[in-house]
Amino acid sequence: MKKKLLVVVMLIVVILMAVLLAGCDTNKMTLGFMASADSDIEYVKVNIKDYEGKTLYDLLKAEESLEAQFNDYGVTEIKGLKSDDSHFISVYTTNEADQMPADEYFTPEPMEVDGVTYYVANGIKTLPISKDIKYLFVLTIIQY
């Protein structure tokens, strides 16, 4: 009798663990959106299950809910942020290895938001997709 009760209890534990693990965000990544560098951030979780080996550009093109538009230089519109004659959309990443390199004209500065350090990304067409990396889109004033 004790063996049967133990088997039933173990079966219930296994089922509960399976249900809990199924609800985890293991196949999602976080994207953030800011209307300016000092505004509040809006986070969105995006399913990345079918994007193994693809880039952030591939994901943004396919994810219709983000309403992303592009030109040769990058993202021109996404999730309500829109570039114009005086603003452009900067893309930041938590992956320091994907940071834009400094040159004689520009030295990218990291930005800290909600205790997370973001680095200016070096173009969206080469940025890898990973649940461990966060991306931040910021409407930035063009400095002349």
Side-chain angles (χ1 to χ4, degrees), residues 5-144:
L5 181 60
L6 182 60
V7 169
V8 170
V9 168
M10 291 301 287
L11 185 60
I12 290 172
V13 168
V14 168
I15 291 171
L16 286 174
M17 291 300 292
V19 169
L20 289 174
L21 289 175
C24 291
D25 284 339
T26 57
N27 291 319
K28 294 190 182 252
M29 66 183 281
T30 302
L31 303 176
F33 303 92
M34 296 175 70
S36 69
D38 58 357
S39 68
D40 291 334
I41 187 168
E42 175 188 353
Y43 292 105
V44 174
K45 293 254 186 198
V46 179
N47 188 353
I48 61 170
K49 183 179 179 184
D50 299 327
Y51 290 94
E52 187 172 329
K54 304 246 174 144
T55 66
L56 181 61
Y57 177 74
D58 298 324
L59 176 73
L60 296 178
K61 278 179 54 178
E63 191 65 37
E64 293 178 14
S65 67
L66 298 175
E67 301 172 349
Q69 303 283 324
F70 308 92
N71 65 15
D72 292 339
Y73 304 105
V75 180
T76 58
E77 186 173 348
I78 188 166
K79 192 89 172 128
L81 303 179
K82 187 173 184 175
S83 60
D84 56 29
D85 291 339
S86 59
H87 295 86
F88 67 98
I89 298 173
S90 299
V91 181
Y92 290 78
T93 175
T94 55
N95 187 9
E96 189 173 4
D98 292 325
Q99 178 176 238
M100 177 184 289
D103 62 25
E104 61 187 279
Y105 304 106
F106 178 68
T107 301
E109 294 292 327
M111 178 181 357
E112 188 166 317
V113 179
D114 293 341
V116 177
T117 302
Y118 291 89
Y119 304 91
V120 178
N122 192 22
I124 64 169
K125 291 189 177 182
T126 60
L127 295 175
I129 292 174
S130 169
K131 65 181 174 53
D132 300 323
I133 299 173
K134 294 180 182 179
Y135 291 103
L136 183 62
F137 298 84
V138 181
L139 196 58
T140 306
I141 296 174
I142 296 173
Q143 303 288 327
Y144 294 103

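Counting begins at 1 with the first residue of the sequence.
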Donor-acceptor list for residues 132-142 side chains, cut-off 3.5 Å, not counting sequence neighbours:
unit_1 : atom_1 : unit_2 : atom_2 : d
Tyr135 : OH     : Pro128 : O      : 2.5
Thr140 : OG1    : Ser90  : OG     : 2.8
Thr140 : OG1    : Val138 : O      : 3.2

Just wondering, are more than 12 heavy atoms of other shown residues or ligands nearer than 6.0 Å to CD in Glu64? no

One pair to check against side-chain contact (heavy atoms from CB on, under 4.5 Å): Ile78 and Ile89. What are the steps and the verdict? CA-CA 9 Å; Ile78 188 166; Ile89 298 173; 4.1 Å; yes

Working to the nearest 0.5 angstrom, can you tell me the gap between Thr76 OG1 and Leu81 CG? 11.0 Å

CG/Leu60 to CG/Leu31 distance, rounded to the nearest 0.5 angstrom? 6.5 Å

Is there a donor-acceptor pair under 3.5 Å between the side chain of Asn71 and the backbone N or O of Gly74? yes

If the condition is side-chain contact (heavy atoms from CB on, under 4.5 Å), which residues does Asp114 pass it with, not counting sequence neighbours? Ile41, Tyr43

Closest approach of Pro108 and Ala102, non-hydrogen atoms and distance? CD-CA, 3.8 Å

Within residues 70-84 or reaching into it, pairs that qualify as salt bridge (Lys or Arg N to Asp or Glu O under 4.0 Å) - sequence neighbours excluded: Glu42-Lys79

Atom pair CG/NZ of Leu56 and Lys125 - distance to nearest 0.5 Å: 12.0 Å

Is the side chain of Thr93 donor-acceptor paired with the backbone N or O of Asp98 at a distance under 3.5 Å, no angle test? no

OH of Tyr118 to CE of Met34: how many Å apart, nearest 0.5 Å? 9.0 Å

For Glu67, salt bridge (charged side-chain N to carboxylate O under 4.0 Å, His left out) partners two or more places apart: none

With a cut-off of 6.0 Å (strictly less than), are more than 12 heavy atoms of other residues, nucleotides or ligands near CG of Asp40? no

Taking ring-ring contact (aromatic ring centres under 6.0 Å, His included) as the cut-off, I'd like each qualifying pair that reaches into residues 59-82, sequence neighbours left out, listed once. Tyr57-Phe70

Donor-acceptor pair, distance only, cut-off 3.5 Å: does the side chain of Ser83 make one with the backbone of Phe88? no

Pairing residues for Ser36 by the side chain to side chain donor-acceptor pair (under 3.5 Å) criterion, not counting sequence neighbours: Asp38

Check Gly115 against Glu112 and note the closest heavy-atom contact, atom names and distance. CA-OE2, 3.7 Å

Ile48 vs Lys131 side-chain heavy atoms within contact, under 4.5 Å: yes

Using side-chain heavy atoms (C-beta onward) and a distance below 4.5 Å, is Ile129 in contact with Met29? yes

Could you tell me if the side chain of Val116 sits less than 4.5 Å from the side chain of Thr94, heavy atoms only? yes

